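Here's the structure, in structure tokens; my notes come after.
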Amino acid sequence: MSSIWAIFRKELKTFFVSPIAYVAVFIFIFLTGWMFRAIAFQSWPQGEGHLRYLYGNMAITFLFVIPLITMRIFAEEKSSGTIELLMTSPVREREVVLGKYLACCALCLLIVALSFQYAFFLLRYGKPDVGPIFTGYLGLFLVAISFVSIGVFMSTLTRNQIVAAALTFGTLLLFWIMSWGARTGDTGTFSEVLKYLCLYNHLQFESDLAKGLLDTRDLVYFLSFTFLWLFLAVRSLASSRWR
Amino acid sequence: MANKKKRTRERPHTAAARQQAARGETISPLAQVALYAALGGAALIIVAGSVWLITKTFKSVWVLLPLILGGALLLFAAVIHHRRLWTALSSRSAQHGYLTTFTILFALVMVVCVNLVSYRYHKRWDLTEQNLFSLSEQTMKILKGLKKDVKIISFAQPRDEKSHYMLELLEEFDKHSDKIKFDYVDADLAWELAEKYDVTGATIVFECGDNVEKVSAYDADEGSYASALLKVTRDTKKKIYFLTGHGEKSLQDSDPRTGLSYFKQMLEHENYEAATLNLADVEKVPDPEECFALVIAGPTVPLPEEHVKAVKDYLNQGGRLLAMVDPPSQNGVDLNAITSEWGIETPNEEVFDNRITYQRDPGIPGATAGLQQYTSHELTSNGNLPDTWYPHARPVIKTTATKPDVQITELVKTSSNSYAHESQPKGFILQETSPAQKAETASGESKAPAKAGQAPPAETPAEKYPPPKDSDDRTGPFPVVVIATNEKPSTPPPPEYPGAPPPPPEEKDKTKRYTQLVVIGDSDLATNQHFVARSFFGLAPTGNANLLMNCVAWLAQEPELIGVRAKEPKDHTVALNDEQKRKMTLSTLILTPLLIIVVGVVVWWKRR
């Protein structure tokens, strides 16, 4: 546990001394601020005093921002050679992956926290239903940590940060638009599986989380999704010992 | 000179051959051919697979031939290089690879199984403040009260989010009642079943014994499904009579301000039959076994004595009355001649409220659960009824009943900021001069005092709305909905010994009829504009509709229909003024991004 904590602290500190975190946070806050302003000024006066339109759009912004955050997690260590030092130290691969993953999640939590001001303005100037605000933000955080898990895995595959970012972005985009492979109105098993796997379907306007419904299906989906990618990251890291 | 044997070394063409050459080994021509055969065999297998994906059949020559040929080439290469192959497959890194592949596949299978189980068995919490996406209280009561088995068959597939949600609701019906069995059916495959029920489009079929009710899958809502359940499980409809002939509001009128057509629709939706009754045409009110409830909706003409007697006789036989009376300013007349012996009267006053109102009109006092204006009773869903409002209402007061064993309950009250002002018919003014007129008279202005019965001049306070509170005006809160009954509340018998579990309550004597009255100091709450509101689901019943339908269900002895029906979403309009917009823009687009830049620059500067 102390190893995870030590790696977490070191990684978090590294984030805040490098410019990439500030660039990523700035991009996210500015873009989502612009979206929020447009949504608030147009839909709130028409009886739609909620943030449902915003959650999906904030998740799309994460599609671009999270690859920037996760690309250097392992790729930089591989290219600089410090990965050997890390892997020969008395820490297990899963502790390394968890420590770094949690540091990325902490940064995502900070980003999401900075966006709480949108909910603050809604609560201040209107009388919204609080339940959907809670579930919407929970869904946004779950989407973010799922994205990070993919980014961490992709970073273990290569020593080139650009390649890691590109692989992450491509995979995230694939999972975002996965349900496009299902035809409209098709209710066969294959289509249902695609719709279930599609990350977008779990946070878009008509999704349960955006409407204020907390379903164990969504929680299991996000947590198992995250677990699987982190597991792959651990196996990928472990394989470098014997390859 | 020694003969030097020159060893002709062939240039190695493959990686394996180069590795062999580096070790000083030579690769034989057969081994090289085997390597090329392996590559060719793999390519042929890929071609066979591609053709199969297109043709979807193994029986094509373009699949079988490359497959067999490729397999043979690979086998040939494996035989020639069997030693090298065995070494590679049994190496330490290969074993690590097998273990890794196995663990990844195992993890994938576990994740898939967990998700499959979670998809089938899941729990959902509705965190919206009005439980917008959960079954309503009334639907739950109907489901729990079902006594017969009901089959629900869906011949529809979900086509959009709303229809998906409606079909999920039917699964909730199945979950909450063991009397319901719900199935999806493909109408194209089960055409015999579709023919049996005469189904042509996307339809939900409710079947109970010989009773069948069909509902459109895409235009329905929760209320339609609950209504279908009621219709198939009941053989008869209870009749609700609306009195006419005294200026009462009409069931056939669809005018938003005066009509009761939505009230009628809702009654039919809940399996009642709404009928009119004119006492000028019949001698008496039908027997309580036929007339389950009598509704008098805002009479504007006093009832003749014989009509009053007919209603009183009906009540004395165990009849049930819903009386809605308006103040004189709305040309309403009271029904005290009927209700006073049951301990309820409505004085000629009008209630105004400065605090809890509908659309900020003091003449439309409202009631909300948050301020304890509802008495805890099944008709108010134990005080949790949605907001209700009473346009131009009389106060309804308790008096001494002359009938025996009468229990009176004040269900809904206005706020403590309300006052009751004496109400006069439109066009009349007070006999006494008002304070303003007295002041004008004292100042010497010669203005002839207006006489009673004449239209007032424009400047008199009688025209003012709302009328200011006089010293004579009573201060609230005032009951606006009061119920009375001579049925004693059932009290459980005492336990046999101290600490014994409480015995079940005594069963009601179903042959005995009890009189029940609901008196509401307003009839406009039942009009179309106040009965339904626009919502996500289309037109949804308002709090007024919930209250009125609960009263009808209580009078008609339908306890499972008492409850909150639809969840009318609250209005969440946020009207932003310019200053608020400026603050939002400043914070989200300027201050927060600037803060991030500043922190970044400071950190960079410190580390420079």
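Values below: all heavy atoms of this structure, side chains included; hydrogens, waters and symmetry mates excluded. Just so it is clear: chains get the letters A, B, ... in the order the sequence lines come, proteins before strands, and each one is counted from 1. Here the structure is a predicted model, which is why all the values come from computation and not from measurement.
- Between A:H50 and A:Y53, the angle of the ring planes lies from 30° to 60°, which puts this pair in the tilted group.
- For a residue to count as touching a neighbouring chain, one of its non-hydrogen atoms must lie under 4.5 Å from one of that chain's; by this rule A:Y118 touches chain B with the side chain only.
- The shortest side-chain heavy-atom distance between A:F141 and A:V143 does not fall under the 4.5 Å cut-off.
- Residue with the most contacts toward chain A among B:I596, B:L108, B:I590: B:I596 (heavy-atom pairs, distance under 4.5 Å).
- For chain A, no part of B:R92 is nearby; none of its heavy atoms comes within less than 4.5 Å.
- Chain A forms the most heavy-atom pairs under 4.5 Å with one residue out of B:T585, B:N577, B:V114, and that residue is B:T585.
- In this structure, A:T135 and A:G212 approach most closely via the heavy-atom pair OG1-CA, 3.2 Å.
- Here the side chains of A:C198 and A:F175 are not in contact, with every heavy-atom distance at 4.5 Å or above.
- A heavy-atom distance below 4.5 Å is found between the side chains of B:E137 and B:S381.
- By the 6.0 Å and 45° rule, B:K583 does not stack over the aromatic ring of A:F121.
- No side-chain heavy atom of A:L142 sits less than 4.5 Å from a side-chain heavy atom of A:H202.
- For a residue to count as touching a neighbouring chain, one of its non-hydrogen atoms must lie under 4.5 Å from one of that chain's; by this rule B:W125 touches chain A with backbone and side chain alike.
- Atom CH2 of B:W86 has 12 or fewer heavy atoms from other residues, nucleotides or ligands within 6.0 Å.
- Taking the centre of each ring, A:Y221 and A:F225 come in below the 6.0 Å mark.
- Among B:A107, B:S118, B:G600, B:A575, the residue making the largest number of heavy-atom pairs under 4.5 Å with chain A is B:S118.
- In terms of heavy-atom pairs under 4.5 angstrom with chain B, the leader among A:F26, A:Y125, A:F120 is A:Y125.
- When heavy atoms are compared at a cutoff of 4.5 Å, A:F28 does not approach chain B at all.
- Of residues 14-23 of chain A, those residues lying under 4.5 Å from chain B by any heavy-atom pair are A:F16, A:V17, A:Y22.
- Under the side chain to side chain contact (heavy atoms under 4.5 Å, CB included) test applied with A:L209, the options A:L140, A:D215, A:D218 reduce to a single match, A:D218.
- Within the 4.5 Å cutoff, the side chain of B:M584 has heavy atoms near those of the B:L576 side chain.
- Ranked by heavy-atom pairs shorter than 4.5 Å toward chain B, the options A:V220, A:L213, A:I29 are led by A:L213.
- Residue A:L122 touches chain B through its side chain alone, counting heavy-atom pairs closer than 4.5 Å.
- Looking at A:F231, only its side chain comes within 4.5 Å of chain B, counting heavy atoms on both sides.
- Residue contact with chain B, scored on non-hydrogen atoms closer than 4.5 Å, involves the side chain of A:L232 exclusively.
- More than 12 heavy-atom neighbours from other residues, nucleotides or ligands sit within 6.0 angstrom of CZ on A:F116.
- Both the backbone and the side chain of A:R217 come within contact range of chain B, judged by heavy atoms closer than 4.5 Å.
- Looking at B:I104, both its backbone and its side chain come within 4.5 Å of chain A, counting heavy atoms on both sides.
- In terms of heavy atoms, A:T156 sits closest to A:S236 at OG1-OG, 3.0 Å.
- With chain A as the partner, the residue from B:L594, B:V574, B:T592 showing the most heavy-atom pairs under 4.5 Å is B:V574.
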